[in-house]
There are 2 protein chains.
Amino acid sequence: MVPHLVPRWPAWLFRASPGRWQRGALRSVAGPRSPGGVPGAWGPRRARSSTARSPEVALTSERYPVRRLPFSQVSEEDMAAFERIVPGGVITDPQALEAANVDWLRSVRGCSGVLLRPRTTEDVSRILRYCHERDLAVTPQGGNTGMVGGSVPVFDEVIVSTALMNRIIRFHSVSGILECQAGCVLEELSRHVEQRGFTMPLDLGAKGSCHIGGNVATNAGGLRFLRYGSLRGTVLGLEVVLADGTVLDCLTSLRKDNTGYDLKQLFIGSEGTLGVITAVSILCPPKPEAVNVALLGCPGFAEVLRTFSACRRLLGEVLSAFEFMDAECVRLVGRHLRLPCPVRESPFYVLVETSGSSAQHDGEKLGSFLEHALGSGLVTDGTVASDQSKAKALWALRERIAEALSHDGYVYKYDLSLPVERLYDLVTDLRGRLGPGAKHVVGYGHLGDGNLHLNVTASAFSPALLAALEPHVFEWTARQRGSVSAEHGLGFSKRDALPYSKPPAAVRLLRGLKALLDPKGILNPYKVLPPGA
Amino acid sequence: MVPHLVPRWPAWLFRASPGRWQRGALRSVAGPRSPGGVPGAWGPRRARSSTARSPEVALTSERYPVRRLPFSQVSEEDMAAFERIVPGGVITDPQALEAANVDWLRSVRGCSGVLLRPRTTEDVSRILRYCHERDLAVTPQGGNTGMVGGSVPVFDEVIVSTALMNRIIRFHSVSGILECQAGCVLEELSRHVEQRGFTMPLDLGAKGSCHIGGNVATNAGGLRFLRYGSLRGTVLGLEVVLADGTVLDCLTSLRKDNTGYDLKQLFIGSEGTLGVITAVSILCPPKPEAVNVALLGCPGFAEVLRTFSACRRLLGEVLSAFEFMDAECVRLVGRHLRLPCPVRESPFYVLVETSGSSAQHDGEKLGSFLEHALGSGLVTDGTVASDQSKAKALWALRERIAEALSHDGYVYKYDLSLPVERLYDLVTDLRGRLGPGAKHVVGYGHLGDGNLHLNVTASAFSPALLAALEPHVFEWTARQRGSVSAEHGLGFSKRDALPYSKPPAAVRLLRGLKALLDPKGILNPYKVLPPGA
């Protein structure tokens, strides 16, 4: 299947020629191809493609220096009580437990013996009330697509999955406000609102598996952040079950509400350590009439930055994404996923998306930008798609980098906020520092948000390589006043890095909030906060 | 001064004729006129125009049933200590104290005997550390332009003003990120960033007086909310002094940072009850190349709603404001401020603003919308301005409604979030309910955000009128699952209404947060939280 570009507006594939670029020279764009040829298994449903091949994952408690806190252990009586609370929803099947104990990256592994599948908020409330009384630790789990080991147990925590809480409560077709249960899968929500003329304000590679509750709990950023901003602005209301089982109903659908402190913000990005999100109200923007995607090759990182400035100036309010990736990323996607790149090999690639209300106006804006970018040598080659399936194929090259990396071996992942002009320096620095100790050092990410995904692959986990990376990467980031976790959160793997981005007074206040909301510490223990007083 | 429309792009003033509308028939738009003819005193600097004329304001402690909490009283030794901390910044001048003890609406009055004017974060830290040790209550004050009596003392609280903390720390001209002290006046910040090609993400009628720290502390919404969203998304970092004097430095300039709970959100909208904001980092969007403002007359509220739907569909991403006001508002602005309305008298008016990167594209979009709106009878008359000063003149009609109302007598103000289709029903309901007991009952506001400003004027404060309004307005709002304070906050005047918009579990958690952050309760007491356990 090699689809051709048949765009709705006069789009073109183009190739730079000295001083000019040519319209009309159609070139093929590889369509989505599933690994192993399984239809529907490509792209977002990436978890599947990474579980079959890998060796056993070491227990977190064996690989990392972490000690079990004195929670109770799940007894026969507890199991009977769970069965009374969620009849038929108490899972002990080894295969299901294996999937829920190991994270998608296969970097951490818990040893929980029970997975609960509630269907209602009342179920979650009763589970937490019981666990709170019994001092049983709990790990809330959504789609288990996190990058920092936040959604799986560290020891034997009771796993509470939102998988069966997947009901859309209502959609307001005038305002575009969606209310749904926390376990709804992002891609299914997208489909639902798009059929009604709206779009979800967030999109990410894991959309086929991730749950909206998990997205909110981790304050997911993703691919539309540049246009629609943070979940802190688009999430209008939440329903949350607190550690002791109390239901906190802040599920309003109001764009503005200044009555008291904004409690929902506490839970956005708290990674399940302050409460379990059971329902979400979120504002969906109108679905853009016209979407164009351009994949462009740039000769250097300086040109990537200048291309971004030109984009902002010439595309203005229709610019909806500006992603970058280095040549290594594109090579790995080609090698491991057999997705060919339709643009001539370049040191860097940028993916530019426009979304707007007028195909004609957007096309004119994009045309002006491309003419400028090619004419001034910022870009040396590129391809444009305005047809949805071709646009998806271009997006796949960017969205499936994480999946391709997971096929390359053990992956050390860093997700950093940095001043945009220094964004790539760390990648270059690390290539020199690590030498042949690493298989690949790659950089890609949401350049428009100052967000670098820095990944290092090796044939297997190695404490020596880890020691070469940490705390070096964190110290480098702290020197730029950056963030050691831009959008992935801290979870288990990054919790010790917190002090690199937060001063002691802030860490004290974080601990105070945890103690206020979860005095027994049963909610997702060993996550977010470093161990200590 | 009667400026004419000389727009940059082919704009027009138009008047509906049966089935068609005419381009080119220029009509005059009244320019800004200052009350009393004082240049620069019109519009935003509204505080000045409302202080000279009014009678003495009753002491809050006499008008409302509120009891002083057992804080210490300011002694001679305290005054000496303050003088050591902020030499020359200890104000006891009666006129200055009068201005700081009474709110802009002249509805509440404290009796503080001291106003402190720190210049640095360290000053604020030392003041709070001292007050915390001495059990002295503190009221932080910005521009004192709030609507709910939140920024003035209730009794004899020490007033800590940010007026001298007005330094711009830095502006990143690539990213558009502004860092500044909390006392910077919004209009001055606007000027600063606009000279550099950016715009502030918020704008409000009080821009000439309000401080950015106060804007953030009250989570101000305002006129650009529809386009740039909430401060919860655009504020990137804060520096805050906690009740005990601890400086919490979260003044980062990162678009994304998921390292731990987002502490700054606690302080956004906490109205000075959890900490004193001393510096702000805020993301400014690029200044739009083209701005158009249209003032349109609508025959009924149903047409206002349909005009909004048409706007969203036809203006798409360039729609930056959609405000509405009823005929009574426009009449009062004409009567009290002598600002004539350039549009033929209509039951409702809407103000539509577009902001975009291409004057030509935006003009075409606006043209399509206007053709549709007039052709289908949604709009019966209107005027358009694309020149900045004419656009300002149209905006003045909307922005100065609050000022005009303050000239009409005592104002009972409500700021509600409601389902947009029920937005005006409450105004109609109240006109019937209050009859001649009220001078005027008017409705206006940010229709695009579902936000109604409901105002009732009377010749003087009357407990009987208050009893007819409250709790009726709050109960009506609660039945629609609305918010009893969309953007003004709760402050002193609305704190008892909190339970109409928040369930008991949420109120308990609010109290828990207050106790965690300010265990002695010295920060802005009697505000936000209702009295009680």
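Order of the sequence lines sets the chain letters (A, B, ...), proteins ahead of strands, with each chain counted from 1. These numbers were taken from a predicted model, which means no experiment stands behind them.
- Looking only at atom types and distance, the side chain of A/Ser320 has a donor-acceptor partner in the side chain of A/Glu353 under 3.5 Å away.
- In this structure, a donor-acceptor pair under 3.5 Å is present between the side chains of A/His446 and A/Glu487.
- When heavy atoms are compared at a cutoff of 4.5 Å, B/Asn451 approaches chain A solely by way of its side chain, counted from C-beta outward.
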Decide yes or no on side-chain contact (heavy atoms from CB on, under 4.5 Å) for B/Leu251 and B/Ile169, but give the supporting numbers first. CA-CA 11 Å; B/Leu251 194 65; B/Ile169 300 167; 4.3 Å; yes
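- If you tally non-hydrogen atom pairs under 4.5 Å between each of B/Leu248, B/Val420, B/Asn219 and chain A, the highest count goes to B/Asn219.
- Contact of B/Arg495 with chain A is not made at all, since no heavy-atom distance falls under 4.5 Å.
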Could you walk me through whether B/Asp449 and B/Leu447 pass the side-chain contact (heavy atoms from CB on, under 4.5 Å) check? CA-CA 5 Å; B/Asp449 314 321; B/Leu447 189 120; over 6 Å; no
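- Distance alone, capped at 3.5 Å, places no donor-acceptor pair between the B/Ser281 side chain and the B/Glu179 backbone.
- Of the two parts of A/Leu529, only the side chain, counted from C-beta on, holds a non-hydrogen atom closer than 4.5 Å to a non-hydrogen atom of chain B.
- When each of A/Leu305, A/Leu513, A/Val528, A/Leu266 is scored by its heavy-atom pairs under 4.5 Å with chain B, the top score falls to A/Leu513.
- Heavy atoms of A/Ile268 lying under 4.5 Å from chain B are absent altogether.
- Taking the six-membered ring for Trp and thresholds of 30 and 60 degrees, B/Tyr414 and B/Phe474 have ring planes more than 60 degrees apart, a perpendicular arrangement.
- Looking at heavy atoms from C-beta onward, B/Thr273 lies out of side-chain contact with B/Asp518 at the 4.5 angstrom threshold.
- Of all the listed residues (B/Gly269, B/Ala505, B/Gly316, B/Ala486), the one sharing the greatest number of non-hydrogen pairs under 4.5 Å with chain A is B/Ala486.
- A 4.5 Å side-chain heavy-atom check between A/Lys527 and A/Ser493 finds every atom pair outside the cut-off.
- Looking at B/Pro503, only its side chain comes within 4.5 Å of chain A, counting heavy atoms on both sides.
- In terms of heavy-atom pairs under 4.5 angstrom with chain B, the leader among A/Val484, A/Leu498, A/Leu274 is A/Leu274.
- Chain A forms more heavy-atom pairs under 4.5 Å with one residue of B/Gly356, B/Ser358, B/Gly450, B/Gly229 than with any other, namely B/Gly356.
- Side-chain contact between A/Leu315 and A/Leu366 is present, with heavy atoms from C-beta onward closer than 4.5 Å.
- When heavy atoms are compared at a cutoff of 4.5 Å, B/His172 does not approach chain A at all.
- For B/Asp415 (side chain) and B/His488 (main-chain N/O), a donor-acceptor pair under 3.5 Å exists by modelled atom type.
- Per-residue heavy-atom pair counts under 4.5 Å with chain A were compared for B/Gly233, B/Ser501, B/Ser485, and the maximum is reached by B/Ser485.
- Between B/Arg224 and B/Leu204, the closest side-chain pair of non-hydrogen atoms is not below 4.5 Å.
- For the set A/Ser355, A/Gly489, A/Gly197, the count of heavy-atom pairs under 4.5 angstrom toward chain B peaks at A/Gly489.
- The contact between B/Leu516 and chain A is made entirely by side chain atoms (from C-beta outward), counting heavy-atom distances below 4.5 Å.
- Within residues 254-261 of chain A, the residues that have a heavy atom under 4.5 Å from a heavy atom of chain B are A/Leu254, A/Arg255, A/Lys256, A/Asp257, A/Asn258, A/Thr259, A/Gly260, A/Tyr261, listed by number.
- The candidate from A/Gly448, A/Pro286, A/Ser483 with the greatest count of non-hydrogen atom pairs under 4.5 Å with chain B is A/Ser483.
- Interface remark: B/Ser253 contributes no atoms to any contact with chain A (heavy atom separation under 4.5 Å).
- Put simply, of B/Leu314, B/Asp262, B/Val318, B/Thr246, the one with the most heavy-atom pairs under 4.5 Å next to chain A is B/Asp262.
- Neither the backbone nor the side chain of B/Leu283 comes within less than 4.5 Å of any heavy atom in chain A.
- Between B/Phe267 and B/Leu242 there is a side-chain heavy-atom pair separated by less than 4.5 Å.
- Using a 4.5 Å cut-off between heavy atoms, B/Leu231 does not touch chain A at all.
- The only option from B/Glu317, B/Arg313, B/Arg312 that meets the side chain to side chain donor-acceptor pair (under 3.5 Å) definition with A/Ser357 turns out to be B/Glu317.
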Might you work through the side-chain contact (heavy atoms from CB on, under 4.5 Å) test for B/Leu128 and B/Asp244, ending with a clear yes or no? CA-CA 6 Å; B/Leu128 288 193; B/Asp244 65 358; over 6 Å; no
Decide side-chain contact (heavy atoms from CB on, under 4.5 Å) for A/Ser125 and A/Arg129; before the verdict, give the C-alpha distance in whole Å, the side-chain angles of both, and the deciding distance to 0.1 Å. CA-CA 6 Å; A/Ser125 168; A/Arg129 200 178 313 132; 3.1 Å; yes
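- Contacts between B/Ser175 and chain A at a heavy-atom distance below 4.5 Å involve the backbone alone (N, CA, C, O).
- Between A/Phe308 and A/Phe322, the ring planes are tilted. Angles from 30° to 60° get that label.
- For B/Leu263, the part lying under 4.5 angstrom from a heavy atom of chain A is the side chain only.
- Other residues, nucleotides and ligands contribute at most 12 non-hydrogen atoms within 6.0 Å of the CZ atom of B/Arg481.
- Per-residue counts of heavy-atom pairs under 4.5 Å with chain B were compared for A/Lys502, A/Gln265, A/His361; the largest is that of A/His361.
- Between B/Thr278 and B/Glu239, the side chains place a donor N or O and an acceptor N or O closer than 3.5 Å (distance only, hydrogens not considered).
- Most heavy-atom pairs under 4.5 Å with chain A: of the set B/Glu271, B/Lys494, B/Arg508, B/Lys365, this distinction falls to B/Lys365.
- With chain B as partner, the option from A/Pro288, A/Ser230, A/Gly221, A/Gly512 having the largest number of non-hydrogen pairs under 4.5 angstrom is A/Gly512.
- Looking at B/Val507, there are no atoms closer than 4.5 Å to chain A (heavy atoms on both sides), in backbone or side chain.
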